[in-house]
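This report concerns only the one structure given below.
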Amino acid sequence: MNTAKGQIAELILQNGLRYARIMCPVNLTPSPGQYLLSSNASFLDPLPVPLFSTESTPLGFIAAVPDHWHPGQEVSLRGPLGRGFVLPPFARKVALIAFDDSPSRLRGLIKLALKQGAAVVLVCDTSEEDSLPDEVEVQPLSALDDVVRWADYLAFDVLRESLYGLKERLGGANQLSVKSEAQVLVRTSIPCGGIAECGVCAVATKSSWKLACKDGPVFDWNEL
């Protein structure tokens, strides 16, 4: 884990969300599913803000940021933190599924999947086509059943409170093909970044309670 100063180099408005290109040392760039905790002197950010990379850049990364952040602003960064996605080298049919929000935290997997020759389908109910590579197919959540049957690797983004709904939607683990590998980014508050083990981000798994801030935020589907 590293700490350093970063700087907001550029703001980007995309699909109704506010993103920033953040300049920082290369060792702070989080992999897909990992996060940084950022803080600054603004009273508008009483707690550290988690940043998930949507795309790495030569001098940093791009992430969704609060509305009041502005170009030139300096932020303190700590990380990378947590467990991210692991895209299997055998994956050739990759499904990225944003169950209840923007797919921004899944977008970092797109380049990795395309680089290894995989077909990529993004499943979400937000408008994303204009900002994606032409090779990426976009499907609505209503097509989830078909996509799950097609994919050999699935990456989900889901709010912790929506986990039960996702499991119910998929009929438990039974609907996931035996040939598929699946991972889930469980989205919840992660204020301490694993330092205090405060339990705010606790996630119930099959074996025990685990902390999203350090045991996750990405979990294997079979753990949940």
Side-chain angles (χ1 to χ4, degrees), residues 8-24 26 29-36 50-65 67 69 71 80 84-159 162 166 169-170 175-177 179-185 187 217-218 221:
I8 310 303
E10 177 187 11
L11 290 179
I12 305 164
L13 187 61
Q14 194 173 83
N15 303 316
L17 293 177
R18 190 181 182 89
Y19 295 87
R21 182 167 60 85
I22 301 172
M23 296 176 63
C24 68
V26 65
T29 301
S31 64
Q34 285 189 306
Y35 66 99
L36 298 178
L51 299 175
F52 290 85
S53 173
T54 66
E55 182 181 345
S56 60
T57 64
L59 297 175
F61 63 101
I62 296 173
V65 298
D67 290 344
W69 285 23
F85 290 106
V86 179
L87 182 65
F90 64 78
R92 292 297 178 268
K93 300 176 181 179
V94 173
L96 310 177
I97 301 159
F99 187 65
D100 51 16
D101 195 35
S102 157
S104 62
R105 290 162 292 273
L106 300 172
R107 292 173 66 104
L109 288 166
I110 292 176
K111 282 188 177 181
L112 297 178
L114 294 177
K115 186 176 181 179
Q116 66 183 43
V120 180
V121 174
L122 178 64
V123 180
C124 62
D125 278 342
T126 59
S127 176
E128 301 288 331
E129 291 91 336
D130 293 341
S131 59
L132 294 172
D134 293 338
E135 301 93 328
V136 178
E137 180 181 348
V138 180
Q139 292 289 341
L141 278 170
S142 59
L144 182 58
D145 293 349
D146 291 337
V147 173
V148 166
R149 285 191 290 267
W150 166 83
D152 56 23
Y153 173 75
L154 302 104
F156 295 90
D157 179 302
V158 61
L159 191 66
S162 299
L166 175 61
R169 176 72 172 76
L170 294 176
Q175 189 168 331
L176 294 185
S177 169
K179 68 179 177 61
S180 299
E181 186 167 328
Q183 295 180 306
V184 185
L185 192 161
R187 204 168 67 256
V218 175
W221 173 262

Closest approach of Trp150 and Ala119, non-hydrogen atoms and distance? CH2-O, 3.7 Å

Donor-acceptor contact below 3.5 Å, side chain Arg21 vs main chain Ile12: no

Please report the shortest heavy-atom distance between Ser53 and Ser56, naming the atom on each side. OG-N, 3.9 Å

Determine, stepwise, if the pair Phe156 / Leu170 fulfils side chain to side chain contact (heavy atoms under 4.5 Å, CB included). CA-CA 12 Å; Phe156 295 90; Leu170 294 176; 3.8 Å; yes

Given side chains that start at C-beta, do those of Trp221 and Leu154 come closer than 4.5 Å, heavy atoms only? no

So, for Ser142 and Arg169, which heavy atoms are closest and what is the spacing to 0.1 Å? O-NH2, 4.1 Å

What are the two closest heavy atoms between Tyr19 and Ala64, and how far apart are they? CD2-N, 3.5 Å

Looking at residues at least two apart in the chain, or sitting in another chain, which of them share a side chain to side chain donor-acceptor pair (under 3.5 Å) with Gln116? none

CG of Asp67 to CG of Leu17, rounded to nearest 0.5 Å, is 9.0 Å

Identify whether the distance between the nearest side-chain nitrogen and carboxylate oxygen of Asp152 and Arg92 falls below 4.0 Å. no

Would you say the side chain of Val94 lies within less than 4.5 Å of the side chain of Leu109, judging by non-hydrogen atoms? no

Between Pro140 and Val123, which heavy-atom pair has the shortest distance, and what is it? O-CG1, 3.6 Å

Just by distance, do the side chain of Asp157 and the backbone of Arg105 share a donor-acceptor pair under 3.5 Å? no

Side chains of Leu51 and Pro30 in contact at under 4.5 Å (non-hydrogen atoms): no

Would a distance-only check, ignoring hydrogens and angles, find a side-chain to backbone donor-acceptor pair under 3.5 Å from Thr54 to Ile62? yes

For Phe52 and Ala63, which heavy atoms make the closest approach, and how far apart are they? O-CB, 3.3 Å

Report yes if some heavy atom in the side chain of Cys24 is under 4.5 Å from a heavy atom in the side chain of Phe61; otherwise report no. yes

Looking at side-chain heavy atoms only, is the closest gap between Val120 and Glu135 below 4.5 Å? no

Under the side chain to side chain donor-acceptor pair (under 3.5 Å) test, which residues partner Asp125, sequence neighbours left out? none

When rounded to the nearest 0.5 angstrom, what distance separates CG in Leu96 from CZ in Phe85? 8.0 Å

Do Leu144 and Ile97 come within less than 4.5 Å of each other through their side chains, counting heavy atoms only? yes

With side chains defined as the heavy atoms from C-beta onward, is the minimum distance between Leu132 and Arg107 less than 4.5 Å? yes

Distance from Cys124 atom SG to Gln139 atom CD, nearest 0.5 Å? 10.0 Å

Separation between CD1 (Ile110) and CG (Leu87), nearest 0.5 Å, reads 11.5 Å

Can you tell me how far the CG atom of Leu59 sits from the CD1 atom of Ile22, to the nearest 0.5 Å? 13.0 Å

